[in-house]
Each structure stands twice: as C-alpha cells, then as structure tokens.
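First up is the structure itself, then whatever we jot down about it.
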Amino acid sequence: MKLTMDKKTAESVWNNCLSVIKDNVNPQNFKTWFEPIKAIKLQEKVLTIQVPSQFFYDWLEEHYITLLKKVTRKELGTEGRIEYNIVMENSHKGERPITIKVPSLGRDIKNSPVSMPIDISTNPIRNPFIIPGLKKVVVESQLNTKYSFDNFIEGDCNRLARSAAFAVAQKPGGTAFNPLLIYGTNGVGKTHLAQAIGIECKNNFPSKTVLYVQSEIFSRQFVDSIKNNAQNDFVNFYQMIDILIIDDVQFLANKEKTQDVFFHVFNHLHQSGKQVILTSDRPPVDLQGIEQRLLSRFKWGLSADLQPPALETRIAILEKKVYTEGIDLPKEVVEYLAYSITSNVRELEGALTSLLAQSTLNKKLITLELAKQMIDKFVKTTAREVSIDYIQKVVCDYFDLPIDTMKSKTRKREVVQARQIAMYFSKSMTKSSLATIGMHCGGKDHATVLHACRTVNNLMDTDKRFRLYIDELEKKISLP
Ligand code: ADP
Ligand code: MG
C-alpha cells in the first residue's frame, strides 16, 4: 500500500507542482508559461521538463525560479531540482528540432549554453557603454542631441515614418509599432529619426534606459564578449534596455551568431514590453542574409520608409539649418542648392557646409556665383544633370511667372510659350522621357511635349528675338 503511493511519475509530480503553481500565478501567466510545459522524465530527484524555446527557459528562470524551486522541493524533498529540455525552434524546415539540456539556475551556470539572468547589482557588467565607478548601472545612450524631432523637417517623403516614430516616443513598447523598422536609402534621415525617438523617450521617461547602437558595433561587442568569455554579460546588458535602437541592421547579414544572439535579445525585450527600433537601407523583403525568423519578427510591428525629400522639403531643411546656425544666406542660394542636389539630405548639408567653409576661408560673401562654382566641385563626381525642376525655375524666373501657373492648365499665350520652352530644354538637357517631362509640366502627354519641342525649334529658326531668349536662357540653365 505504501509502495504504490510512493510510485511517482514525472507527470504526476509535475501535475502536483502545477496545482500549487496555479494558485500562485495569475491565470494568463499560467496559461502562457506553464501550460506549454511537458514533464518528460523523473530520475532520482531530478525532474526534467520540456520547454519550447531558450527564451521560454530564460523567462521561467528569471520570473518563476523561486516558485519552481519551492514546488519541486515540496514534491521531491530538499534534493529535488529541475532540469530543462529546450526544444529549439528550427529555421530549416524538415529538420528535427534541436534539444538542449540545461540545469536550473543556481547549479552550474558556466556549463549552460544560454544566458543566465544575473543580479546586476552584484555582478558588474563589462560593457563599453557603461560609465564605470557608479553603483547604479548607468547606460550612456549614445544619442546626439542635434537629431531631435524639432530638427527633423516633415514632408510627404517622411510623414508616415515620422508620425509612427513620434507615437512610439510617446508610448515606447505600448503601440503596435514594435519593432518599428525605418528604411530608406543613404542619407534620407533614418539615423536622425531613430535617434529622435531615443531623445524624446529620454525626455518623456527619464527613468527608462535608452540605447542607440550601430549594428556593426553590436556585432563587434558580441564577438569581443565571446573572446572574453563574457557572453552572458553581453546578453544581460542588452536585455535590461528599455528602448533599444539598432541602426543599419543590413550589416547583420550573414553574421549568423550575431543574429542568433540578437534574436534572443529581441524576444526578451519584445516579450517584456520593451521597445525595439531598427533601421535598414532596404525594405525587409530585400534583406538577404538575414534569417527568416528574424525577418518575420521585423514584420510584427511597422515598416515605414523614408523617401528622398521633394524640393519644398529640401528648401525647408536648408532653411532650418541656416536658421539654427545663424548664417546669413541669400534665398536664391538656398534655392539653388535645393534645386541642384536632389538625391539625399546628407549631400545637401555637405554642400551647405562646404559653401560656408569656402566663404569663410576666402572671406567672400556667399553669392549665387560662389554657390555655382562650389556645387560644381562638390558634385562633380556624381555626374550631375540639370533637373526638370531647375529648368522650370529658371524659365519662370526669366519670364517672371509663378511656377504654379506654368504647371497649371491655363492656355494664356505667354504661359503656354514659357511652358513649351521649359519642355524644350527638359528634352535637350536632361535624359528624361517625353512622358516624364509632360508629367512635370502640368500633366501633359508625350505628344504635347513633342509638339512643344517642334514649335520652339521652328520659332528659333524664324524669330531672331525668340532665338535671343533661348540663347540667354540656355546660358542661365547650363551649370557652370
Ligand atoms: P541615413 O541614416 O538615412 O543615412 P541621416 O539620418 O544620417 O541619414 O541623415 C543625413 C543628414 O541629413 C543628417 O545630418 C540629418 O540630420 C539630415 N536630415 C535628414 N533628413 C532630415 C529631415 N527631414 N530634416 C532635417 N534634417 C534631415
Ligand atoms: Mg544612418
């Protein structure tokens, strides 16, 4: 009788444990963290339970270790302990899941292949971002104050990304935008916007820990941590961040180990309601060399793109910069810069900076002439071509017409002629197609553009005064 009562199986022991656990955690947590567990082995005083992921294991160890210890001791006596089988998610379909055996915390930390939560107050974390000598762990956020929302000019090119970023900064971890992935080509403001979130979060929630890190640095730190046998410290450090910003994730491509550890950190942060912000120079679908399971997580939140800014936004960006730096720059120069440099904001700012340097060095006033010379040197390597926008501006200035009027449907004679001239130059001085030119000149079709070019050619042959206009305009439009 006594013997049969003592016959314990893994399952029966675990069921007894569960009934106690159930009384000690809320139903939601019980469902999430305990129902998926399977008891698979009982040997001596060791109960082996199977959990679905490393992350799951970490979570249990971090949040429920005391409870788990208590219940196993109650069931198995003071010698009783738990071991885990972690059945890892496997990215290669068809392969068998990988099982890792790990002991519960408090036994043999060193042999465990996964990170162990450690008490931050007693274990100094080796990490370059931490100011040494302070009791409390202080993380230097690595943010640059100039990349604030205030300094970020809004335009059609960035509206969605900016609003999402702003929303995230008001409620980090509390919106559907987690992770927030900001993508776009070089120099369109990804780093600026990502940092703006960090700055705003620090202002709004001074007690939260914000960290900005470039993915290459993240990767290098990880490699160093392996060398120094401090992988756990590395993981722990990143797991305590509240708002983690990882810039240029495309550089994680093909770095499998780094991706693994990032996956782990990401899961931890996401599960604990922390905010993750990522940037990339291409949309998630084009991120080759990044593991599928990471990509799928990137898509959990929102991917928002930044486009190169349109003319008005470029002008606004320059004006803001001119204003904050307290520079006196003629409006025509600002416009010239904005018209000539179309691809990205970094180049635009670079041109402005060179222009300032030039004028200071040579003690010259910044004039349109100086700007033209400088731009020529500045953009020479990038094989510049005159833009349709610029042609339209010069033509409109010449005939003293507002650009909007030229782009409108009006059939007034002088407007029609200016429009035709702009089309003619767009055809002869840019590589744009007839259709593109038509679109830029008030939504005309390609036949209209062709007709315009013929008309201008005819007039040049027959009308001397008209020919003079065209020659003069050509000089103005041609870049120095
Ligand atoms: P990316 O990270 O996309 O390569 P950055 O964020 O480094 O680009 O931006 C390049 C430069 O352009 C930075 O100095 C940034 O402040 C500026 N910039 C980009 N977009 C804007 C904007 N919308 N308003 C103001 N400055 C901008
Ligand atoms: Mg950047």
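Indexing begins at 1, ligand by ligand and atom by atom, following the structure's order.
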Legend entry - Pair Phe234 + Phe218: ring centers closer than 6.0 Å: yes
Legend entry - Ring centers of Tyr390, Tyr336 separated by less than 6.0 Å: yes
Legend entry - Gly187 heavy atom under 4.0 Å from ligand 1: yes
Inset, instruction - Establish, from distance only, whether the side-chain atoms of Gln214 and Asp248 form a donor-acceptor pair under 3.5 Å. - result: no
Inset, instruction - Answer yes or no on whether Arg162 is positioned over the face of Phe152, meaning its NZ or CZ is under 6.0 Å from the six-membered ring centre and within 45° of the axis. - result: no
Legend entry - Under 3.5 Å donor-acceptor, Lys190 side chain and Gly184 backbone: yes
Inset, instruction - Can you pull out the closest protein heavy atom to atom 7 (O) of ligand 1? Residue, atom name and distance to 0.1 Å, please. - result: Arg346 NH2, 3.0 Å
Legend entry - Salt bridge Lys393-Asp389, side-chain N to carboxylate O under 4.0 Å: no
Legend entry - ligand 1 atoms in contact with Asn186 (distance to a heavy atom under 4.0 Å): 4 (O)
Inset, instruction - Note the single closest protein heavy atom to atom 23 (N) of ligand 1, along with its residue, its atom name and the distance in Å. - result: Ile153 O, 2.9 Å
Legend entry - Candidates Leu244, Asp242, Ile243 - the one meeting side-chain contact (heavy atoms from CB on, under 4.5 Å) with Lys274: Asp242
Inset, instruction - Indicate whether the side chain of Thr279 and that of Asp247 have a donor and an acceptor atom separated by less than 3.5 Å. - result: yes
Inset, instruction - Using 2.8 Å as the cut-off, note every protein N, O or S atom close to the Mg ion (ligand 2). - result: Thr191 OG1
Inset, instruction - Mark up the atoms of ligand 1 that fall under 4.0 Å of a heavy atom belonging to Asn151, in ascending order. - result: 24 (N), 25 (C), 26 (N)
Legend entry - Among Leu269, Asp233, Val261, Leu211, side-chain contact (heavy atoms from CB on, under 4.5 Å) partner for Tyr238: Leu211
Inset, instruction - Calculate, to the nearest 0.5 Å, the distance between atoms CD and CZ belonging to Gln259 and Phe222 respectively. - result: 11.0 Å
Legend entry - Side chains of Arg314 and Ile341 in contact at under 4.5 Å (non-hydrogen atoms): no
Legend entry - Residue part near ligand 1, for Glu349, under 4.0 Å between non-hydrogen atoms: side chain
Legend entry - Residue, atom name and distance, where the atom is the protein heavy atom closest to atom 12 (O) of ligand 1: Val345 CG1, 3.1 Å
Legend entry - Contact atoms of ligand 1, heavy-atom distance to Lys190 under 4.0 Å: 1 (P), 2 (O), 3 (O), 4 (O), 6 (O), 8 (O)
Legend entry - Ion pair check, Arg159 and Asp156, cut-off under 4.0 Å: yes
Inset, instruction - Tell me which protein heavy atom sits closest to atom 15 (C) of ligand 1, plus the residue, atom name and distance to 0.1 Å. - result: His192 ND1, 3.4 Å
Legend entry - ligand 1 to Lys146 polar contact by distance, N or O atoms, under 3.5 Å: no
Inset, instruction - Decide whether an N or O pair under 3.5 Å exists between Phe152 and ligand 1. - result: no
Inset, instruction - Could you tell me the residue and atom name of the protein heavy atom closest to atom 8 (O) of ligand 1, and the distance to it rounded to 0.1 Å? - result: Gly189 N, 3.1 Å
Legend entry - Contact partition for Asn158 relative to ligand 1, non-hydrogen atoms under 4.0 Å: side chain
Legend entry - Per-residue contact class, Thr191 against ligand 1 - non-hydrogen pairs under 4.0 Å: both
Inset, instruction - Please answer whether the main-chain N or O of Ser408 pairs with a side-chain N or O of Arg419 as donor and acceptor at a distance below 3.5 Å. - result: yes
